Each structure stands twice: as structure tokens, then as C-alpha cells.
*Asks:* 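The structure is given below, and queries will be raised subsequently.
Numbers for residues simply follow the sequence, beginning at 1. Bear in mind that the values here come from a model prediction, so they are computed numbers and not experimental data.
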Amino acid sequence: MKHAILLLLAVLANGAAAQSSYPDRVVTLVVPFTSGSGADIISRLIGPRLSERWKQPVVVDNKPGASGNIGAEAVARAAPNGYTLLVTIDTLTMAPNLYKKQPFDPAVDFAPVTKMAVANLWMVANPSLPANDLAGLIALAKAQPGKVNYASPGNGTPHHLSMELVKLQTGADLTHVPYKGISGAITDLVGGQVQVMIASVHSTLPLVQAGKLKLLGVTGARSPLAPSVPTFREQGMAFLEGINSWFAIFAPARTSPDVVTRLHQDVGAVLAMPEVRAQLAAQGLVVQTSSPEELGALVRSDLARWRKVISEAKITAD
């Protein structure tokens, strides 16, 4: 009995020591997408503030490719010590349902820390597209089957699955052109190599404001950044109403609960800063945090949700 008590005290002491000494060196935020993506924006905003709190360097490491799988796998295989973290979007729960060989299990191989933000999506088009709303786009795609190309930052992303739902529900014949990140997709959309895409507000807002892209519709409520543009629901596409992107931070599975708690507290404190919330809001990102348990439940429920959607819609990786 005495031995058991001493062992328990030792475990508790080690946990407390781990939390009090963490971090004592560089912390890396792995972003599995290109620079300019929502996860990249959030990481580069919170990184310096976490560094100030921790008195340690915080670096952002972009590892794009395979719809976020490359960066996510790197974190899943990293040492579970809190020094390599994943900042990603809900593609984490989508892509696994498209690829037969998945190098990790999102519900098993990560320790959830906190949800960080949500972002509504909108449909943007090259100004040369002879359609100015969703009805016009659908009519054009039906009149010219396969001639209208839509871009996405990769298979299994919200941008991809949302457009596939549009095709399924409306019968529009649109051709998917997947890219290895949002930057290439937007570059070709502006250049006219592709004609339309569903994108997050933050990734395309400057181009919309500059007149280099035009808006056809928005998810959720009307955006304060473009109040004159009608929502998908207002245009008869209520099936896209609840689709948005969430952003979250994860550690590798088996990371100490004490380290996860420290991360949860500190990331939450940074996201609560008024200037951080304001800078994110200006780009269409709304701060929304959670407990680790709530984030874990969200991952499991979204995995099931998108598995059903992908199966019923017969969506495949291009």
C-alpha cells in the first residue's frame, strides 16, 4: 500500500514538473497547407504571442500536400512531447473518407487541444464568367457540360466537397481541378485557367475587393464584408447552409495530459486577446474555442458525417 501511494505521488510530481517546465525549447506549429491559408494565418498570428508567454521560439512549418495528409502524418508520427503541434482545418475529417490508404486515424493518432476559429465560405468566380449568381452558374454548366472548371486546394477539402454537393443536388456538370494548396488554386482562378471555386472569406477577400474576383453567393448569414451578396439559402441552395470550415490545434497522441492542459490554457488566452479576435474577424475568421473533449467529439462526429456524404454522393478523389 505504501509503495502504491509513493508511486502515485511520483507520477503526480512528474506531471506537475512536465507542465511547469514546458516548454523549454522551440515549439513548431505544423500547417499542412500553403502560406496564406486560414491555418497559416492563425498560426502566424498566435505564434509570436505564444512565444512571448513561453519565452521560447515558436516557428510555423508549412508542409502542404495530399489535402493536408503530409503535414498531419508528420505530427502523428512526432514525439508526443508537445513540441510539434498540428494547426489544421476540418479537412482532417474529410480526406480520410476519400483515400483508401490513410497513414493515420484522426480520431486516434492526435490529442485534441482546442478548436480555434470558424470561417464561412463563399463562391467566387473569375469576372469573365458569364454568370453573376448561382442560378446563372448552374444554367451555364448545364448548357455547356464539363466546360466550366472549378478549383479546389485539394481532394477532400471543404471547397471540393461543397462543390460536389452542388453538382449532386443541381445536376450541374462542373469539372474539378484540384491543386496542392489554396495559393495555386486562387492564382489560376484570377488568371482564368479555372472559372469558379468555393473558398474561405479570408483567402479571397482582397481579390474580391480589388475586383479581380466576383462573388456569386455566401454560406450562413450575409457577410458583413459583402452585405449585398445573397446567401446560398436565399438562392435556393439550403443544403450548403451549414457548411463552413473550423480550425483547431492538435498534439500527437499520448502527449501528457498536463502538457495538453497547458496548451489549451495558453492558446485559449491568446485567442481571447481583443486584437487577435479583431485581426481574425477582419479576414472572416471568427474565434471559437472548445475543450479538448469537445474537439475530440467534433472530430468523431464529422468523420461520420462526411463518410455518409461522400458515400451517398459517390465522391471520389480526382
Side-chain angles (χ1 to χ4, degrees), residues 34 36-38 119-245 283-284 309 313-318:
T34 55
S37 61
N120 282 340
L121 304 173
W122 54 22
M123 188 179 289
V124 288
N126 185 280
S128 66
L129 183 78
N132 295 310
D133 55 21
L134 298 181
L137 172 66
I138 301 309
L140 179 66
K142 288 183 176 180
Q144 301 178 24
K147 296 294 181 64
V148 179
N149 298 321
Y150 82 87
S152 84
N155 290 301
T157 57
H159 322 65
H160 172 211
L161 299 188
S162 298
M163 286 298 286
E164 287 299 315
L165 280 176
V166 171
K167 291 171 58 177
L168 178 70
Q169 296 290 333
T170 66
D173 191 349
L174 299 157
T175 299
H176 181 211
V177 182
Y179 288 78
K180 293 182 179 180
I182 193 69
S183 299
I186 292 174
T187 296
D188 277 6
L189 180 62
V190 172
Q193 286 79 15
V194 289
Q195 289 73 51
V196 66
M197 74 179 293
I198 285 181
S200 54
V201 174
H202 59 269
S203 64
T204 50
L205 179 61
L207 294 168
V208 170
Q209 293 173 331
K212 295 183 179 181
L213 294 176
K214 64 181 178 181
L215 291 175
L216 305 185
V218 301
T219 62
R222 289 203 180 202
S223 172
L225 301 173
S228 64
V229 179
T231 67
F232 287 116
R233 175 177 286 278
E234 290 172 329
Q235 298 186 68
M237 294 193 185
F239 57 88
L240 287 175
E241 183 74 12
I243 293 182
N244 57 24
S245 292
Q283 302 195 62
V309 168
K314 296 181 173 58
I315 300 171
T316 58
D318 293 280

*Asks:* Kindly indicate whether the side chain of Ser245, heavy atoms from C-beta on, has any atom under 4.5 Å from the side chain of Pro158.
*Replies:* yes
*Asks:* Between Thr34 and Ser183, which heavy-atom pair has the shortest distance, and what is it?
*Replies:* OG1-OG, 3.4 Å
*Asks:* Hey, does Leu137 have a side-chain heavy atom less than 4.5 Å from the side chain of Met123?
*Replies:* yes
*Asks:* Over all heavy atoms of both residues, which pair between Pro153 and Ile182 is shortest? Give the atoms and the distance, please.
*Replies:* CB-N, 3.5 Å
*Asks:* In Å and rounded to the nearest 0.5 Å, what is the OG to CD1 distance from Ser203 to Ile186?
*Replies:* 4.0 Å
*Asks:* Leu134 and Gln235: which non-hydrogen atoms are nearest, and at how many Å?
*Replies:* N-OE1, 2.9 Å
*Asks:* Heavy atoms only: give me the nearest Ala199-Thr204 pair and the separation to one decimal.
*Replies:* CB-CG2, 3.8 Å
*Asks:* What's the separation between atom CZ in Arg233 and atom OG1 in Thr219, rounded to the nearest 0.5 Å?
*Replies:* 12.0 Å
*Asks:* When rounded to the nearest 0.5 angstrom, what distance separates OG in Ser200 from CD in Gln283?
*Replies:* 9.5 Å
*Asks:* Can you sort out the partners of Ala226 under side chain to side chain contact (heavy atoms under 4.5 Å, CB included), two or more places apart, ordered by chain and number?
*Replies:* Trp122, Leu215, Val229
*Asks:* Considering residues at least two apart in sequence or located in another chain, which fulfil the side chain to side chain contact (heavy atoms under 4.5 Å, CB included) criterion with Ser152?
*Replies:* Thr157, His159, His160, His176, Pro178
*Asks:* I'd like to know if the side chain of Asp173 and the backbone of Ala141 have a donor-acceptor N/O pair within less than 3.5 Å.
*Replies:* no
*Asks:* Applying side chain to side chain contact (heavy atoms under 4.5 Å, CB included), can you list everything that pairs with Leu225, at least two apart in sequence or on another chain?
*Replies:* Val201, Leu205, Ser223
*Asks:* Evaluate the side-chain proximity of Tyr179 to Val194: yes if any heavy-atom separation is below 4.5 Å, no if none is.
*Replies:* yes
*Asks:* Roughly how far apart are Leu213 CG and Asn126 CG, rounded to 0.5 Å?
*Replies:* 7.0 Å
*Asks:* I'd like to check Leu216 versus Leu129 (side-chain heavy atoms, cut-off strictly below 4.5 Å). Are they in contact?
*Replies:* yes
*Asks:* Could you list all the salt bridge (Lys or Arg N to Asp or Glu O under 4.0 Å) pairs where at least one residue sits in residues 129-158, not counting sequence neighbours?
*Replies:* none
*Asks:* Using the side chain to side chain contact (heavy atoms under 4.5 Å, CB included) rule, take Leu174 and Gln195 through it: C-alpha gap first, then chi angles, then the decisive distance, then the call.
*Replies:* CA-CA 10 Å; Leu174 299 157; Gln195 289 73 51; over 6 Å; no
*Asks:* Between Thr175 (side chain) and Gly146 (backbone), is there a donor-acceptor pair under 3.5 Å?
*Replies:* yes
*Asks:* Could you give all pairs that pass the salt bridge (Lys or Arg N to Asp or Glu O under 4.0 Å) test and reach residues 187-216, with sequence neighbours left out?
*Replies:* none
*Asks:* Where is the tightest heavy-atom contact between Phe239 and Leu165, given as atom of each residue plus distance?
*Replies:* CE1-O, 3.7 Å
*Asks:* Do other residues, nucleotides or ligands put more than 12 heavy atoms under 6.0 Å from Lys180 NZ?
*Replies:* no
*Asks:* Any pair with a residue in residues 219-231 that passes salt bridge (Lys or Arg N to Asp or Glu O under 4.0 Å), sequence neighbours left out, goes on the list, sorted by first then second residue, please.
*Replies:* Arg222-Glu234
